[in-house]
Amino acid sequence: MKKIGFFQLNSCSGCMFAVLSSTIFLDLLKSADIRLFRLISDVQTEDQFDVVFIEGGVTRNEEAALLRRLWTEGAKIITLGSCAVLGGIMSHSPNMHIDPVNKFVDPYATLPGCPPPQQLLGNLLMSAIDGIEFKLPEKNVCSECPFAQDQTYDVEITSLNALHPPKSCFLSEGILCLGPITRAGCGARCIKGATPCDGCLGALDRNLPSALANLFSVLKVSDSIREYAAIAFRYQKPELKFK
Ligand code: SF4
Ligand code: SF4
Ligand code: SF4
């Protein structure tokens with residue numbers, strides 16, 4: 001039986017609740033030795049893990065040291081959610097500096113999303129049970145969107161929010177949607193819920209600034225939208241380096 005731990009760093013517990021609500025979690029309970037999951041159990045064994053799932057980003061030296069210890073002891077580290085993978089929405093806190101987990105250790109597998117989509121999460125949990133390699137989709141959100149055939153970049157983007165469910169692609173209605181540069185896997189759940197994609201699954205080519213630069217080079221974005229950078233970098237703050 002694989003020895004598994006679920007660790008929470010600086011996070012909102014949303015990813016762990018997504019794990020708990022996954023139908024695959026029941027299989028995991030039967031077929032794995034879950035040694036640590038503070039959200040649901042006081043039973044804690046702090047050592048000897050084969051696989052650990054990490055939710056949340058890193059702020060303290062002790063958290064970085066914990067990750068390094070788990071890694072050097074041979075645990076496969078799986079980062080769960082946009083905070084652990086990208087820094088996430090938590091990294092915008094004015095009171096603390098948050099780094100993604102991969103700044104300290106080399107994850108065996110990663111699953112972004114805020115929270116991660118259930119289908120991919122189920123595949124990831126299965127991979128922890130069976131040792132099957134987990135792979136993220138190599139398509140964008142538009143590939144799963146019912147409005148993909150209406151997509152056009154010719155309309156001026158004048159809004160960041162949808163006031164009503166879309167009748168066609170958000171971009172063709174003048175509303176910013178990051179579906180073209182965002183990794184698929186959620187089934188375009190926000191668009192189906194009448195909200196444009198703000199990129200929680202991360203950039204498909206893993207380089208968000210260059211993906212955004214390419215997208216914004218073909219979009220006509222109105223000067224009236226001043227806060228679009230806050231949407232574009234919601235889950236992954238750009239690293240600014242000044243000389
Ligand atoms: S990725 Fe989203 S759901 Fe998961 S811990 Fe961070 S804020 Fe919460
Ligand atoms: S840009 Fe947004 S609304 Fe348009 S096809 Fe892509 S995901 Fe769908
Ligand atoms: S549509 Fe975009 S923001 Fe919404 S879940 Fe999918 S990737 Fe995340």
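Counting starts at 1 for both ligands and their atoms, in listed order.
- Ligand 1 places these atoms under 4.0 Å from at least one heavy atom of Cys12: 3 (S), 5 (S), 7 (S), 8 (Fe).
- Side chain of His92 to backbone of Phe233: a donor-acceptor contact under 3.5 angstrom is found.
- For Asp198, heavy-atom contacts with ligand 3 shorter than 4.0 Å involve the backbone as well as the side chain.
- When the heavy-atom distances from atom 6 (Fe) of ligand 3 to Ala188, Cys186, Cys197 are ranked, the shortest goes to Cys186.
- The closest approach between any non-hydrogen atom of Ala18 and ligand 1 is not below 4.0 Å.
- Side chains of Glu173 and Ser168: a donor on one and an acceptor on the other come within 3.5 Å.
- Ligand-side atoms of ligand 1 in range of Ile89: 7 (S), range being under 4.0 angstrom from any heavy atom.
- The distance from ligand 2 to the heavy atoms of Ala148 drops below 4.0 Å at these ligand atoms: 5 (S).
- Near Leu171, with a cut-off below 4.0 Å to any heavy atom, the atoms of ligand 2 are 1 (S).
- The proximity of Cys142 to ligand 2, defined as any non-hydrogen pair under 4.0 Å, involves the side chain as well as the backbone.
- Residue contact check: Gln151 has heavy atoms under 4.0 Å from atoms 1 (S), 5 (S), 6 (Fe) of ligand 2.
- Between atom 6 (Fe) of ligand 1 and Cys83 there is an N/O/S contact shorter than 2.8 Å.
- Contact record, Tyr108 with Gly131: OH-O, 4.5 Å, taken as the closest heavy-atom pair.
- Follow the hydrophobic side-chain contacts under 4.5 Å out from Leu80 and you never reach Phe49; the two are in separate clusters.
- Close approach to Ser82 involves these atoms of ligand 1, each under 4.0 Å from a residue heavy atom: 1 (S).
- With respect to atom 2 (Fe) of ligand 2, the closest heavy atom belonging to the protein is Cys177 SG, 2.3 Å.
- When hydrogens are left out, the protein atom nearest atom 4 (Fe) of ligand 1 is Cys15 SG, 2.3 Å; that is the closest non-hydrogen contact.
- Taking 2.8 Å as the criterion, Cys145 counts as a coordinating residue of atom 8 (Fe) of ligand 2, since one of its N, O or S atoms falls below it.
- The minimum heavy-atom distance linking Leu39 with Gln8 is given by the pair CB-OE1, 3.9 Å.
- Distances below 4.0 Å separate heavy atoms of Glu55 from the following atoms of ligand 1: 5 (S).
- In this comparison of Cys190, Cys200, Ala184, the heavy atom closest to atom 1 (S) of ligand 3 sits on Cys190.
- Using a 4.0 Å cut-off to heavy atoms of Cys169, the atoms of ligand 2 that qualify are 1 (S), 3 (S), 4 (Fe), 5 (S).
- Shown in contact with Gly113 at under 4.0 Å from a heavy atom are these atoms of ligand 1, numbered in order with element: 1 (S).
- For atom 5 (S) of ligand 3, the nearest non-hydrogen atom of the protein is Arg189 NE, 2.9 Å.
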